[in-house]
Amino acid sequence: MTTEIVTGDSGPELAAVVAGGTVDVLDFPKPGIVFKDLMPLFGDGPAFKRAVDGIIAHQSPFDVVAGVEARGFLIAAAIGYATGAGVVPVRKAGKLPRPAFSASYALEYGEATLEVHKDAFVAGQRVLVVDDVLATGGTAGAAIDLVEQAGGIVSGFSVLMELGFLDGRERLGKRPVHALLTV
Ligand SMILES: O=P(O)(O)OC[C@H]1O[C@H](OP(=O)(O)OP(=O)(O)O)[C@H](O)[C@@H]1O
Ligand SMILES: Nc1ncnc2[nH]cnc12
């Protein structure tokens, strides 16, 4: 099933690129969840490049990119490479080897804890935070809090897809949210 196009912060063409690379998977990872699988987008070179370039075009300037485990890593690495910015991983609990800040949160289908190294940022560094999907905003809120705790200044938050009906954007308050596709 193809995702219905509603709108996007970077216009209808980029919204269509993301929609075209998304497959809806029913009842994954739990009954009642419609999982937006973006793996086809990641696997389509021209579409992936357009999506990454669309985020970069919207978001400069920033000094470093923070990617949320796991699918956010793919986007952060591409942006970090293309722009020459560094990449900081925001990891699931227990994966980072050195002292880290932790934040627990609820997401659409469960609960989790994210961590970031305490020395991940130079104070005042502008940090672009990226992930693949914004749903309830639990993950994004935790990631943004961690970046700020570690001394970064969140310059923006970008996702490929926003599930608008879950109101994640509202939950993030005044933070600047950018979604290539909102469904
Ligand atoms: O807005 P929320 O309700 O918090 O949901 C969004 C998060 O859910 C997914 O990650 P998931 O925790 O499934 O991890 P994964 O990327 O490791 O599969 C997605 O990649 C976002 O990080
Ligand atoms: N429905 C969904 N599809 C993909 N990723 C998600 N993260 C939270 N909810 C999601």
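Indexing begins at 1, ligand by ligand and atom by atom, following the structure's order.
Residue contacts with ligand 1 for D132 involve side-chain atoms from C-beta outward but no N, CA, C or O (heavy atoms, distance under 4.0 Å). Contact annotation for L107 and ligand 1: heavy atoms of both the backbone and the side chain come within less than 4.0 Å of the ligand.
Scanning all protein heavy atoms for the shortest distance to atom 4 (O) of ligand 1 gives T139 OG1, 2.5 Å. What sits closest to atom 16 (O) of ligand 1 on the protein, heavy atoms only, is A70 N, 3.0 Å. Among protein heavy atoms, the minimum distance from atom 22 (O) of ligand 1 is reached at D131 OD2, 2.5 Å. The closest protein non-hydrogen atom to atom 14 (O) of ligand 1 is K92 NZ, 3.0 Å.
Within the 4.0 Å heavy-atom shell around ligand 1 one finds Y109.
Looking at R71 and D37, no side-chain N of the basic residue comes within less than 4.0 Å of a carboxylate O on the acidic one, giving no salt bridge. Electrostatic pairing of E148 and R175 counts as a salt bridge here, judged by a charged N lying under 4.0 Å from a carboxylate O. A salt bridge is defined here as a Lys NZ or Arg NE, NH1 or NH2 lying under 4.0 Å from an Asp or Glu carboxylate O, and R169 with E162 meets this definition.
Using a 4.5 Å cut-off between side-chain heavy atoms of Ile, Leu, Val, Met, Phe, Trp and Tyr, with links allowed through other members, L96 and V122 fall into different hydrophobic clusters. Hydrophobic clustering (side-chain heavy atoms under 4.5 Å, transitive across Ile, Leu, Val, Met, Phe, Trp, Tyr) keeps F62 apart from V87. When the side chains of ILVMFWY residues are joined at heavy-atom separations under 4.5 Å, either directly or via intervening members, V129 and F101 end up in a single hydrophobic cluster.
V159 and V133 make their closest contact through CG1-C, 3.9 Å (heavy atoms, listed as atom of the first residue, atom of the second, distance). Scanning both residues, A135 and L163, for their nearest heavy atoms gives CB-CD1, 3.9 Å.
Summarising the geometry, atom CG belonging to L146 is positioned 14.0 Å from atom CZ belonging to R91; distances are rounded to the nearest 0.5 Å.
Atoms of ligand 1 found under 4.0 Å from any heavy atom of V133 (numbered from 1 in listed order, with element): 6 (C), 21 (C). Interface of T136 with ligand 1, defined as ligand atoms under 4.0 Å from a residue heavy atom, comprises 1 (O), 2 (P), 3 (O), 4 (O). Shown in contact with G138 at under 4.0 Å from a heavy atom are these atoms of ligand 1, numbered in order with element: 1 (O), 4 (O).
At under 3.5 Å, a nitrogen or oxygen of E108, whether backbone or side chain, sits near a nitrogen or oxygen of ligand 1.
Listed by chain and number, the residues in a side chain to side chain contact (heavy atoms under 4.5 Å, CB included) with F28 are V25, F35 (sequence neighbours excluded).
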Between ligand 2 and the protein, tabulate every N or O atom pair separated by less than 3.5 Å, reporting distance only.
unit_1	atom_1	unit_2	atom_2	d
ligand 2	1 (N)	V34	O	2.9
ligand 2	1 (N)	E108	OE1	2.9
ligand 2	3 (N)	K36	N	2.8
ligand 2	7 (N)	Y109	OH	3.2
ligand 2	9 (N)	E108	OE1	2.5

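Of the candidates A106, A140, G137, A142, G137 brings a heavy atom nearest to atom 1 (O) of ligand 1. For atom 18 (O) of ligand 1, the choice among E111, E69, R71 with the nearest heavy atom turns out to be R71.
Under the 4.5 Å side-chain criterion, counting only non-hydrogen atoms from C-beta, I55 is not in contact with H58. Counting heavy atoms from C-beta on, the side chains of K92 and L114 come closer than 4.5 Å.
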